[in-house]
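The chains referred to below are lettered A, B, ... by the order of the sequence lines, with proteins before strands, and numbering in each begins at 1.
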Protein chains: 2
Amino acid sequence: MPRAGLDPDVVAAGAAALADEVGLPNVTMGLLAERLGVRSPSLYKHVDGLADLHHRVAVLALTELGDALRDALQGRAGRDALAAAATAIRGFAVAHPGRYAATVRVDVHAPDDPLAAAGARVLDSLAAILAGYDVDPADTVHALRLLRSLFHGFAVLEAAGGFQLATDVDDSFTWLVEFVDRGLRG
Amino acid sequence: MPRAGLDPDVVAAGAAALADEVGLPNVTMGLLAERLGVRSPSLYKHVDGLADLHHRVAVLALTELGDALRDALQGRAGRDALAAAATAIRGFAVAHPGRYAATVRVDVHAPDDPLAAAGARVLDSLAAILAGYDVDPADTVHALRLLRSLFHGFAVLEAAGGFQLATDVDDSFTWLVEFVDRGLRG
DNA sequence: CTCCTGTGGCTAAGGTTGTTAGCCATACGC
DNA sequence: GCGTATGGCTAACAACCTTAGCCACAGGAG
């Protein structure tokens with residue numbers, strides 16, 4: 001019987017893919033193991049239980065989201081940058097609902113937790129958007145929280161099916177980006 | 001052995017209180033039953049399983065939130081109304097994290113689901129805020145979604161401990177309300 | 001007052017899932 | 001080529017949700 005060639009990253013990637021398919025709460029050790037061609041106790045050789053698995057998926061997701069944001073912001077500034085970032089986040093949440101869900105409700109454990117670094121990279125991208133506007137440095141942290149809250153809230157509500165008239169959601173999204181752009185330009 | 005005097009509402013109220021204390025995911029049938037002085041199978045005489053329990057907690061929470069909003073908006077308009085509503089939502093989410101968490105990720109089952117009515121009442125309150133501004137009727141739905149996304153995102157991030165410098169969160173909140181007020185005034 | 005019925009408790013039991021313990025074979029370093 | 005750590009496995013346990021089926025109490029009918 002050949003070995004399956006697993007390691008923590010492969011397991012986390014499998015969990016992320018599975019979460020996108022069946023929803024994060026339905027990612028079970030047994031199901032993931034089956035998907036990886038292995039029995040569930042074997043996963044514990046690579047991952048320290050379900051909580052650790054969620055943590056790793058969160059790191060993976062935030063890293064991917066950070067990459068997507070960085071790509072989207074290349075060579076853009078001001079309103080273009082804002083729109084591109086918003087679209088990137090929304091697109092990520094829609095295309096990878098399981099991964100995105102994992103980014104909520106996770107705690108940083110150690111001071112050198114890679115989750116903190118991945119999160120910081122995402123924040124850096126959002127801060128780069130603000131650089132294109134004339135925001136009072138004292139208000140930067142507030143504006144950052146505005147962007148986070150708004151994008152995150154929109155993503156969560158859309159993922160949960162919280163908006164009724166599904167057809168208008170795209171319109172609402174662009175309207176919302178415009179609203180923020182106007183507000184940030186003062 | 002005297003009867004415990006339970007009914008669906010009492011069970012849901014107990015679940016809500018328990019959720020606020022230990023977190024919604026940690027509300028287990030056994031724990032709730034113990035809290036109510038009963039064994040877990042007895043709960044099934046009043047409630048149709050854990051999913052139904054979550055549903056009922058969501059209805060209860062949305063109803064309470066709707067009441068809080070209605071109270072907060074009494075006799076206020078424009079920026080005062082906006083600030084009062086925002087504070088009410090945030091206060092509710094902070095004071096009742098378990099209840100608030102239950103309002104996310106719930107589905108309306110029947111057309112006469114009380115959840116839909118409770119949610120509609122909350123939306124009505126938000127719509128009432130917009131009445132105090134000069135919003136193009138065609139944009140009302142977008143502005144509503146702005147408010148929902150922003151308030152909800154802020155509440156989720158704050159509840160998840162997503163903001164680092166905890167001391168500035170109040171400042172960010174008022175800054176954010178001002179930002180929206182300015183934007184809505186055009 | 002007595003009986004009858006339905007409601008709301010209970011114990012017992014089964015299925016699923018997370019997790020640990022302990023075994024054994026494989027792949028790699030010397 | 002051999003030893004050793006690694007990465008599979010089976011077995012087993014605990015927690016939880018849920019169902020089945022029993023029994024006692026409460027309240028109304030006669």
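Shown here are the side-chain hydrogen bond (donor to acceptor under 3.5 Å, both in side chains) partners of Ser125(B), two or more places apart in sequence or in another chain: there are none. In this structure, the side-chain hydrogen bond (donor to acceptor under 3.5 Å, both in side chains) partners of Arg99(B), at least two apart in sequence or on a different chain, are Asp20(B), Glu64(B).
For residues 112-123 of chain A, the pairs satisfying salt bridge (Lys or Arg N to Asp or Glu O under 4.0 Å) are Asp67(A)-Arg121(A), with sequence neighbours left out. Identified under the side chain to side chain donor-acceptor pair (under 3.5 Å) test for residues 29-43 of chain A, with sequence neighbours left out: Glu21(A)-Arg35(A). Sorted by first and then second residue, the salt bridge (Lys or Arg N to Asp or Glu O under 4.0 Å) pairs with a member in residues 143-164 of chain A read Arg90(A)-Glu158(A); sequence neighbours excluded. Residue pairs that meet the salt bridge (Lys or Arg N to Asp or Glu O under 4.0 Å) test with at least one member in residues 40-58 of chain B, sequence neighbours left out, are Asp52(B)-Arg56(B). Residue pairs that meet the ring-ring contact (aromatic ring centres under 6.0 Å, His included) test with at least one member in residues 85-136 of chain B, sequence neighbours left out, are His55(B)-His109(B), Phe92(B)-His96(B), Tyr100(B)-His152(B).
Within residues 5-30 of chain A, the residues that place at least one heavy atom under 4.0 Å from DNA chain C are, in residue-number order, Thr28(A), Met29(A), Gly30(A). For residues 42-52 of chain A, proximity to DNA chain C is found at Tyr44(A), Gly49(A), Leu50(A), defined as any non-hydrogen atom under 4.0 angstrom from a strand atom.
Mapping Gly37(A) and Ser40(B) onto DNA chain D by nearest heavy atom places Gly37(A) at the nucleotide closer to the 5' end.
Going from atom CG of Asn26(B) over to atom CG of Leu32(B) covers 13.0 Å, rounded to the nearest 0.5 Å.
A close approach under 4.0 Å does occur between a side-chain nitrogen or oxygen of Arg39(B) and OP1 or OP2 of dT11(C).
One can place CG of Leu32(A) at 12 Å from P of dT19(C), the figure rounded to the nearest angstrom.
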